[in-house]
Structure formats: C-alpha cells, structure tokens
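Taking it in order: structure first as structure tokens, then the write-up.
Per chain, numbering begins at 1; letters A, B, ... match sequence-line order.
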Number of protein chains: 2
Amino acid sequence: MTEIEKTLQNKSVRPTAMRILIYKYMASKNTAVALTDIENAFDKAERTTLYRTLKTFEEKGLVHQIDDGTNISKFALCEPGCNCEIDQDLHLHFHCGNCDKTVCLTEHKIPHINLPQGYVAEDANLVIKGICDSCSQH
Amino acid sequence: MTEIEKTLQNKSVRPTAMRILIYKYMASKNTAVALTDIENAFDKAERTTLYRTLKTFEEKGLVHQIDDGTNISKFALCEPGCNCEIDQDLHLHFHCGNCDKTVCLTEHKIPHINLPQGYVAEDANLVIKGICDSCSQH
DNA sequence: AACATCAGTGCAACAGAAGTGCATTTAGTG
DNA sequence: CACTAAATGCACTTCTGTTGCACTGATGTT
Ligand SMILES: [Mn+2]
Ligand SMILES: [Mn+2]
Ligand SMILES: [Zn+2]
Ligand SMILES: [Zn+2]
C-alpha cells in the first residue's frame, strides 16, 4: 500500500483510483486548486465525481475549502498538523492578482479580533490580495 | 434638491429616479444587501439596471462590494469618511450564520500582516463568521 | 462461487448569479 | 424643439455549483 493510500485510509476515505489521482494532483501543486483545474488536468474526468470527491475529502479533513474572493471555490490539502475540521487552523490565504494563483500561508494565523458586544465569532477568513513572490521577481 | 441627490452628484452620479430609490433602500438598511435583495424589494425593478447601478455606485465610490464567503456579492454604502476607492478603508465584515445578514464593522480595521519575502499586499478581506448581536440575544 | 449490499461513478439536467449585446427610452444641452 | 449621450429594459449566454437517478464495482456473507 502506498503512502497516499495510507493517508486516505487514515481519514476513513476509501482509496479508489480516482481519489488517489486527485490527491496526487493536489499534492503536486503548491497552490490551491479549483474544481475546473482538476477537470482540465484529467480530461477524462467527470465533473460530478471530482465535485463529490472534493466534498468527501473536505468532510474527512483531507482538504480545506478556500474562499479567495474570486467567487470560485479553491481547495488545498491540509498540512499534517492541520486542525481545519474544528476551525482551529485559521491561517490566512494569499491571492495573486497577476497569476491568479491562491496559496496557503500556513504559518500565518489570523490574529484575534475583538468584536462589538453581542457578536460571537465562530470562524474567520482572511485573504490578502496582491502580487505573489514568483510574480514580484519579474 | 434633496440630500441624496446632492450625495450622488458629488460623486458624479446622475441622480435618476431609480438610483435615488436604490440609494434610499440601501441607506434604510443597516446590513449589506445583495442584488437579489434589491430586486425583491422593488418587484418592478429590472435586474440589469440594478446590476449596472451597483457597478456605477461602486466605481464612483458610493458603495463598496463585500465578499462575505456566501458566494453572493453584497454591497453597502460607504461611510462619509470612507476611502474604499483607494483601498485604504480596510474594515472587516461580519456574517451571521443564523440570520444570514452581513454587516460592516466600520470601526474595526484589518490589522497589518507581515507577509513572507516577495509577497506584496495590495488589498485585504477579513470576514468573521458567527452569531450577530441580534441573534445572540435570543 | 453466488448473492446481497452499499459506496462510488457517470450522465443528464437544473439553479442561481453574473455578465453582455442591442434596441429603446429618458434626460441634459443648445 | 432637435440633437446627443446616458440610462434603462429585454433577451440571451456563460459559468459554477448542485442534485437525481441509474449503473458499476468492490466488499463481505453464506
Ligand atoms: Mn489554506
Ligand atoms: Mn463594509
Ligand atoms: Zn502571482
Ligand atoms: Zn444574525
């Protein structure tokens, strides 16, 4: 059994051929991916399957969904020590307006915010938009 | 000339009947509104007109667009001293998971974030999700 | 091995929001 | 009033996300 198969099984996700392919694809990229990205990467793939695979991955804590402000849902693999399931890993995300790539800044946590009386925070999303390191070098 | 007409003209927006209605509607609500909200408020209104009106309002700095993570664009009137046009008024937004309302927390600015080497920040979006003051009282 | 069972997949269709092209109306200007 | 440009209305398209249902393939049991 490969490393990836073990990873999936550890999270109670049956390691089917398609799922392994998708996981491998996401692991190979250092940016968040959209459903369409995966669809284009494997032109044999069925949209619905990818959609439901990502849902499953998310529910089981293998990936987390990212709203980067483009109105297109992105997904990224959770890091080994990630606590996305319980909303405890509130790292921020960066979206590059030049190359349109979105990355996790896993080390950068969202600072605590004091809210007005009566407001109860349960989750937070912080996206910084600008120019990424690759694009700013050129 | 009414106060609203003056406000529109100050921002080089011709105060047509429809625009005044929309502005009034937004001023009457203390939450951000979606295109559909306005559409439902005036059942005589044409989607495209509302859409383009909001675009115009945004370009001229009368309103700012809000991405609250629901994948539905919301809009809110800019406060008198708001500098949205030049991305200088980075206040945060709160989205209530109970009543689904989104509000501007104009007094709460997004804290400055130190980014990794090479990343250039130009804009930021911070949304806190949870229970709003109205909902937490009941 | 045959069977029952259920998760996973493929296909089709739908929903909602966003956006565009073009004709028509409306409002400002001389 | 006549002219012009902006604003509006209508139709249509695109894109993402989502669901229903039938089929397939793996798993586990007798
Ligand atoms: Mn992330
Ligand atoms: Mn706001
Ligand atoms: Zn970039
Ligand atoms: Zn609420």
Answer with base, sugar-phosphate or nothing: what part of the nucleic acid does A/Ser73 contact at a heavy-atom distance below 4.0 Å?
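The answer is sugar-phosphate, as A/Ser73 gets under 4.0 Å only of primed atoms, P, OP1 or OP2.
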Taking atom types as modelled, is there a side-chain donor on B/His95 or B/Asp100 under 3.5 Å from an acceptor on the other?
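On atom types as modelled, these side chains qualify, holding a pair under 3.5 Å.
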What about [X]: does its side chain form a donor-acceptor pair under 3.5 Å with the base of [N]?
X: B/Arg52; N: C/dG19; result: no
X: B/Arg47; N: C/dG16; result: no
X: A/Thr36; N: D/dC15; result: no

If you assign B/Arg14 and B/Gln65 each to the DNA chain C nucleotide with the nearest heavy atom, which residue ends up on the more 5' nucleotide?
B/Gln65
Between B/Lys74 and A/Met18, which residue's closest nucleotide on DNA chain C lies nearer the 5′ terminus?
A/Met18
Given [options], which nucleotide is nearest the side-chain atoms of [X]?
X: A/Leu35; options: D/dC10, C/dA12, D/dG17; value: D/dG17
X: B/Tyr51; options: C/dG19, C/dG10, D/dG17; value: C/dG19
X: B/Thr16; options: C/dA7, C/dA17, D/dA7; value: D/dA7
X: B/Arg19; options: C/dT20, C/dG10, D/dA7; value: D/dA7

Which distance, rounded to the nearest 0.5 Å, do you find between the OG1 of B/Thr53 and the CG of B/Leu62?
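The OG1 atom of B/Thr53 sits 11.0 Å away from the CG atom of B/Leu62.
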Taking for each residue the nucleotide of DNA chain D with the nearest heavy atom, is it B/Ala17 or B/Asn71 whose nucleotide lies nearer the 5' end?
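Closer to the 5' end of DNA chain D: B/Ala17.
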Inspect the contact between B/Glu122 and A/Lys129 and indicate whether a charged nitrogen and a carboxylate oxygen are less than 4.0 angstrom apart.
no
Check: B/Tyr119 ring centre within less than 6.0 Å of A/Phe94 ring centre:
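So the answer is yes for these two rings.
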Below 4.0 angstrom from OP1 or OP2 of D/dT19, is there any side-chain N or O of A/Thr48?
no
Could you give the [atom1]-to-[atom2] distance, from [X] to [N], as a whole number of Å?
X: B/Ile72; N: D/dT18; atom1: CD1; atom2: P; value: 11 Å
X: A/Glu5; N: D/dA26; atom1: CD; atom2: P; value: 14 Å
X: B/Glu46; N: C/dT24; atom1: CD; atom2: C1'; value: 13 Å

Candidates A/Glu58, A/Glu79, A/His91 - the one meeting side-chain hydrogen bond (donor to acceptor under 3.5 Å, both in side chains) with A/His64
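Testing A/His64 for a side-chain hydrogen bond (donor to acceptor under 3.5 Å, both in side chains) against A/Glu58, A/Glu79, A/His91 leaves exactly one candidate, A/His91.
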